Amino acid sequence: MSSDDDMPLSTVAAATKVVGNGANSTVKVKREYDSDSSDDMPLSRTKGAAKSMKSSSSSDSDSDTPLAQTTARANGGLKTSPPSSPDIPLAKIKDEPATPSRNGNTTRTKVKAEKGTRKRVKVENEKKKADKKPRITRTTSTASSKVSDKGKSEADNDDEEEDEEHKWWLAQDLDNSVKWTTLEHSGVLFPPSYQPHGIPLIYDGKRIKLEPDAEEVATFFAAMVDTDHAKNPIFVKNFFNDFLEVLTKCQPSHPVKEFEKCNFSLITKHLTKEKEIKSAMTSAEKKAIRDEKMKSEEMYMYCTLNGRKEKVGNFRIEPPGLFRGRGSHPKTGKLKKRVMPEQVTINIGEGAKIPDPPPGHSWGKIIHDNRVSWLATWKENVNDNIKYVFLAADSSLKGQSDLKKFEKARTLKGCIDQVRREYTRDLKDKTMIARQRATALYLIDRLALRAGNEKGDDVADTVGCCSLRLEHVTLKPPNIVHFDFLGKDSIRYVNEVPVDAAVFKNLRIFKKEPKTEADLLFDRLTTTSLNKHLDRLMKGLTAKVFRTFNASFTFQKQLENTPKDGTVAEKVLAYNRANRDVAILCNHQRSVSKAHETQMEKMQDKILEVKYKRMLLKEQLKEVDPEYVKKHPRACKKEDGVTKKWIKSYLISQAKKDKEKAEKKWEKDNEKLKEAGEPQIEKSQLKDTLKAIDERMAKIRSGEYEPGHPLKSATTERLLDAIKKQSQRLNSIETQAVDKEENKTTALGTSKQNYIDPRISAAWCKKHDVPIEKIFPKTLINKFKWALEVDKDWVF
DNA sequence: ATACTAACTTAGGAAGCTATGA
DNA sequence: TCATAGCTTCCTAAGTTAGTAT
């Protein structure tokens, strides 16, 4: 760790989630920005603005300080250290001797040259493609060509074990622009055809038997009647339109006119029954079905890539259904049609056997393109999106691009100081375009915002950095910026951060009239131009790299809080906290589980229970050793939250539980005695016990009850010891509660899977002697095999 | 430039599975 | 011994980015 200390830790967004069914979310505002303001703002105007701003402490020095604190926490927040790191010149990062030039001249030439080359190659490829001749490179590593030369008959037999041992990451060739030399696979699996059930729809009180095609669509909806989707008017409208269309096509004389008169309940009931039947099956039956399914799917699960067996990811063609667009997606609820083999393109090695299409059908197209990684593709009808079948996350191809991604982020780490200096300088550039770019970059870097492409109005209205509109940003002088917008997946981002004076000033300029709330904040900026600029700063640098970099870097930094000689559980807790900091940074949210509130209450009760027990111990201590208490008044501090009222209800519930327990014990004891052939315990005995408890309960109710001292033969020492034990318990439960509350809306998985360099985790495990299984589930261990061999001192 | 397209990564919800504890 | 909390896994939607066409 050389330049770490001055690395700013980005802000943590305190965001709230707006859950989907967008019915009430932001009204979509048309963006019609009139481009009458000049492209490049003249210096004079900027200067004028700058003067009028009169910012009190516009020191540039704070460019390396965090914008805001993370969620306050006991183990110490994020620290800021003075900036000091030595500059790492661009030249070094790029592994080329060029002069690190501010305007990037040298670099630009180089990049251009490279791009040119790449393009030419591609053109050649295109030609070959046109001839249906795939580009099978002969220049790839000898290992792989050997394998491919071997021929598959042999490969099938003895490669099994070798597969698992293939450590592609030791080859150290990160260029994967040619994805494979040989590729064999079995194509895709289509969903089963629709099996009509014959249950009618009720329309306006009358039963209507539906033709299979219409019945299928009705059944899609029937399965969703009590989800949020069915309450979303857009979803309903879209569904109903498409349903009517299908219905009219297959039974033109149907009477269905209004959605409100449709009643799907018979179908819904039928579906529920089917589910019940399924879950009522014995586990043996279930297993038989599962095994059967596995067997029929096995051929699709794996492919052979460069002679090695690799797992395929989503080999199933997406089944028909109702499109579940998120947020207020204008097309949500529309019918997603069944995909036919004729629509599917298969990509496969040239010599490989072409998989059989389903009987009576043929494939749309067969291609042999080894510069892409997909095995099959088709177009979906709702949004015209292209769908692909890719390899699984633990495949070599995915692993390679993952490794590449993190290496790029590490490269950024090496030149982040320079990049930051560059945009900090540009914050005060004389041109509008440079200022907007610099300001956007500042936000992307410090807040981990996404790039924010422009979107059409046939999708949900969500934004990222470049597509922010005035309405999403509120300025609170002198330097606080308030963000509130819907990001990817319509997840709400709410954050309030102090920013650099220059940034604040710029944002104020960008918000000036005649712009209106619905106009773009960065009207001179596009993601393309931004990324082009970034590429000049560091080859391959794009907006998203900042997210990866900041996430991994923050994580590594936060892991420093791991207790050196704590238990494994404590270390894992520290790990999860670091993970959570990253998740909060990236605004990875999840919806609150229905049970959350009750669960929290339960924990709160447990906390009070422990406090109560500790209170009793303290009272006993007061009696046993009043001298000690006098000397240490803090030792007997009052327990807050443990009110008389709470104690009463607690004691009553305890008494009730005791009664139940006594009954159960009596029954159980008798059962045992019966088995042993011994005489039963009299019921009167149980009644006596219950009576005693009832009396206790009465006393509790009247307030006469006096709890006895919890400790027999108590000494000061033993009491203090017991108090300490309870305190520890309390501490642990309280941490758990805080943890749970903080995790309520935070999803840790996304950052763990996509943003945090797994080598950080692997090294941490080794350093702290924590088994990797404690932090990675099976699938992640597989996905990150390539990362697990690092040594304990590896740093991001 | 700008629009469109292709290929890939990132994302949350739902389904499914499992440990756990009343 | 079942319910169910708390995961993981599956699914597919929704982003980003590079490249191509206009």
Side-chain angles (χ1 to χ4, degrees), chain A residues 17 19-20 39 115 118-119 122-123 126 176-177 179 223-224 227-229 275 279 283 286 290 313-314 316-319 321 323-327 329 331-332 336 345 347 369 371-374 377 379-380 382-388 390-393 397-398 401-402 404-405 450-456 459-460 462-467 486-491 526-532 534-535 540-545 547-548 551 583 586-591 593-596 598-599 602 657 660-661 664 740 743 745 747-755 776-780:
Chain A
K17 176 164 185 175
V19 177
D39 207 310
K115 284 218 166 141
R118 210 184 301 159
K119 208 166 187 176
K122 187 87 186 195
V123 170
E126 285 309 315
N176 64 348
S177 58
K179 311 282 177 170
M224 299 175 79
T227 65
D228 284 347
H229 293 295
K275 240 186 219 162
S279 74
S283 51
K286 282 182 195 164
R290 249 207 331 265
N314 54 331
R316 265 175 265 265
I317 293 283
E318 293 176 14
F323 172 65
R324 294 145 112 105
R326 298 167 191 166
H329 191 123
K331 293 187 179 179
T332 194
K336 211 169 96 169
T345 299
N347 186 29
D369 187 350
R371 294 159 307 157
V372 295
S373 69
W374 53 265
T377 185
K379 200 174 228 177
E380 152 270 348
V382 176
N383 295 292
D384 270 358
N385 282 332
I386 307 167
K387 302 284 189 162
Y388 299 90
F390 290 118
L391 294 194
L397 281 181
K398 292 283 192 190
S401 52
D402 241 21
K404 229 166 102 183
K405 170 182 76 185
R450 295 188 185 83
N453 288 299
E454 272 290 326
K455 300 173 75 189
V459 289
T462 63
V463 300
C465 186
C466 294
S467 47
L486 297 184
K488 182 177 179 181
D489 291 301
S490 296
I491 297 296
T526 65
T527 53
T528 311
S529 68
L530 179 66
N531 281 339
K532 226 170 234 164
L534 290 174
D535 192 68
L541 183 60
T542 63
K544 82 194 266 280
V545 181
R547 243 166 108 83
T548 314
C586 294
N587 200 34
H588 290 143
Q589 299 199 32
R590 59 173 184 170
S591 48
S593 81
K594 317 163 225 105
H596 180 81
T598 12
Q599 287 165 228
K602 263 188 200 159
K657 272 184 201 159
E660 277 168 33
K661 254 190 228 161
K664 273 202 185 131
K740 194 181 175 66
N743 258 351
T745 54
L748 303 189
T750 307
S751 49
K752 205 190 255 193
Q753 275 197 61
N754 301 303
Y755 287 106
F776 284 165
K778 273 196 306 296
T779 41
L780 280 196

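Quantities reported herein were computed from a predicted structural model and do not represent experimental measurements. All heavy atoms count here, side chains included; hydrogens, waters and symmetry mates do not. So you know, we letter chains A, B, ... as the sequences are listed, proteins then strands, and number each from 1.
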**Q.** Residues Leu780(A), Gln753(A); criterion side-chain contact (heavy atoms from CB on, under 4.5 Å); working and verdict
**A.** CA-CA 7 Å; Leu780(A) 280 196; Gln753(A) 275 197 61; 3.6 Å; yes
Q.
What's the closest nucleotide to the side chain of Phe390(A) if the choices are dA7(B), dA18(C), dT10(B)?
A. dA7(B)
Q: Could you tell me whether Asn453(A) contacts a base, only the sugar-phosphate backbone, or nothing, with contacts defined as non-hydrogen atoms closer than 4.0 Å?
A: base
Q. Taking CG from Asn531(A) and P from dG19(C), how many angstroms apart are they, rounded to a whole number?
A. 12 Å
Q. Are the side chains of Lys379(A) and Asn385(A) in touch, meaning some heavy atoms are under 4.5 Å apart?
A. no
Q) Expressed in angstrom and rounded to an integer, what is the separation of Asn587(A) atom CG from dT10(B) atom C1'? A) 14 Å
Q. Any idea how Tyr388(A) and Trp374(A) line up, ring-wise: parallel (<30°), tilted (30 to 60°), or perpendicular (>60°)?
A. tilted
**Q.** Side-chain heavy-atom pair Cys466(A), Leu530(A) within 4.5 angstrom cut-off
**A.** yes
Q: For dA13(C), take OP1 and OP2 only and decide whether either is under 4.0 Å from a side-chain N or O of His329(A).
A: no
Q: Give the rounded distance in Å between these two atoms: CG of Asn754(A) and P of dC8(B).
A: 16 Å
Q. When you check the phosphate oxygens OP1 and OP2 of dT17(C), does a side-chain N or O of Arg547(A) lie under 4.0 Å from one of them?
A. no
Q.
Side chain of Lys405(A), heavy atoms from C-beta onward: which of dG12(B), dC8(B), dT9(B) has the nearest atom to it?
A. dT9(B)
Q. Could you give the CG-to-P distance, from Leu748(A) to dA11(B), as a whole number of Å?
A. 13 Å
**Q.** Value in whole Å for how far the C1' atom of dT12(C) lies from CD1 of Ile386(A)
**A.** 15 Å
**Q.** Nucleic acid footprint by protein, nucleotides 14-21 of chain B - heavy-atom cut-off 4.0 Å, B for base, S for sugar-phosphate alone
**A.** ---S----
Q. Nearest-Å distance, CG (Leu486(A)) to C1' (dA14(C))?
A. 14 Å
(Q) Please report the interatomic distance NZ(Lys455(A)) to OG(Ser467(A)), rounded to the nearest 0.5 Å. (A) 8.0 Å
Q. Whole Å only: how far is the NZ atom of Lys532(A) from the C1' atom of dT17(C)?
A. 12 Å
**Q.** Closest-nucleotide ordering on DNA chain B, the 5'-leading residue of Thr750(A) and Thr526(A)
**A.** Thr526(A)
**Q.** From dT10(B), dA6(B), dA7(B), nucleotide with atom closest to Val372(A) side chain
**A.** dA7(B)
(Q) Would you say Lys387(A) places a side-chain N or O within less than 4.0 Å of OP1 or OP2 belonging to dT12(C)? (A) no
**Q.** Minimum-distance nucleotide to Trp374(A) side chain [options: dG12(B), dA7(B), dG15(C)]
**A.** dA7(B)
Q) Which part of the nucleic acid, if any, lies within reach of Gly452(A) when heavy atoms closer than 4.0 Å are counted: base, sugar-phosphate only, or nothing? A) sugar-phosphate
Q: Step by step, work out the side-chain contact (heavy atoms from CB on, under 4.5 Å) result for Arg326(A) and Thr462(A).
A: CA-CA 10 Å; Arg326(A) 298 167 191 166; Thr462(A) 63; over 6 Å; no
**Q.** side-chain N/O Tyr755(A) vs dA11(B) OP1/OP2, d < 4.0 Å
**A.** yes
Q | Below 4.0 Å: OP1/OP2 of dT17(C) and any side-chain N or O of Thr542(A) | A | yes
Q) Do Lys398(A) and Phe390(A) meet the cation-pi criteria used here (NZ or CZ under 6.0 Å from the six-membered ring centre, within 45° of the axis)? A) yes
Q. Counting side-chain heavy atoms from CB outward, which of dT10(B), dG13(B), dA14(C) is closest to Arg590(A)?
A. dG13(B)
Q) Say you draw a straight line from CG of Asp228(A) to CE of Met224(A); how long is it, rounded to the nearest 0.5 Å? A) 10.0 Å
Q: For Ser373(A), answer base if it contacts any base atom (sugar-phosphate contacts may also be present), sugar-phosphate if it contacts only those atoms, and nothing otherwise; contact means non-hydrogen atoms under 4.0 Å.
A: sugar-phosphate
(Q) Could you check whether Lys405(A) pairs with Asp402(A) (Lys NZ or Arg NE/NH1/NH2 to Asp/Glu carboxylate O, under 4.0 Å)? (A) yes
Q. Within the pair Ser401(A) and dC8(B), is there a side-chain N or O less than 4.0 Å away from OP1 or OP2?
A. no
Q | Pairwise 5' ranking along DNA chain C for Thr528(A) and Ala451(A), keeping only the more 5' one | A | Ala451(A)
Q: Please step through side-chain hydrogen bond (donor to acceptor under 3.5 Å, both in side chains) for the pair Asn453(A) and Thr527(A), ending with a clear verdict.
A: CA-CA 6 Å; Asn453(A) 288 299; Thr527(A) 53; 2.5 Å; yes
Q: Give the rounded distance in Å between these two atoms: CG of Asp384(A) and P of dC4(B).
A: 12 Å
(Q) Quick one, Thr377(A) with Lys387(A), criterion side-chain hydrogen bond (donor to acceptor under 3.5 Å, both in side chains). Give me CA distance, side-chain angles, the key distance, then yes/no. (A) CA-CA 5 Å; Thr377(A) 185; Lys387(A) 302 284 189 162; over 6 Å; no
(Q) Nearest heavy atom decides the nucleotide; on that basis, is Ile317(A) or Val545(A) closer to the 5' end of DNA chain C? (A) Ile317(A)
Q: Give Gly749(A) one of three labels, base, sugar-phosphate or nothing, depending on what nucleic acid heavy atoms sit under 4.0 Å from its own.
A: nothing
Q: Spell out yes or no: do the side chain of Lys544(A) and the base of dT10(B) have one donor N/O and one acceptor N/O closer than 3.5 Å?
A: no
Q.
Measuring from atom OG of Ser373(A) to atom CG of Leu391(A), what distance do you get when rounded to the nearest 0.5 angstrom?
A. 6.5 Å
Q | Side-chain N or O of Lys179(A) closer than 4.0 Å to phosphate OP1/OP2 of dA7(B) | A | no
**Q.** Among dT17(C), dA13(C), dA11(B), the nucleotide that comes nearest once only the side chain of Lys336(A) is considered
**A.** dA13(C)
Q: Indicate whether OP1 or OP2 belonging to dT9(B) is found under 4.0 Å from a side-chain N or O atom of Lys488(A).
A: no
Between the protein and nucleotides 7-11 of chain C, list the N/O to N/O atom pairs that are separated by less than 3.5 angstrom.
residue, atom, partner, partner atom, Å
dT9(C), OP2, Thr779(A), OG1, 2.1
dC11(C), OP1, Arg316(A), NE, 3.4

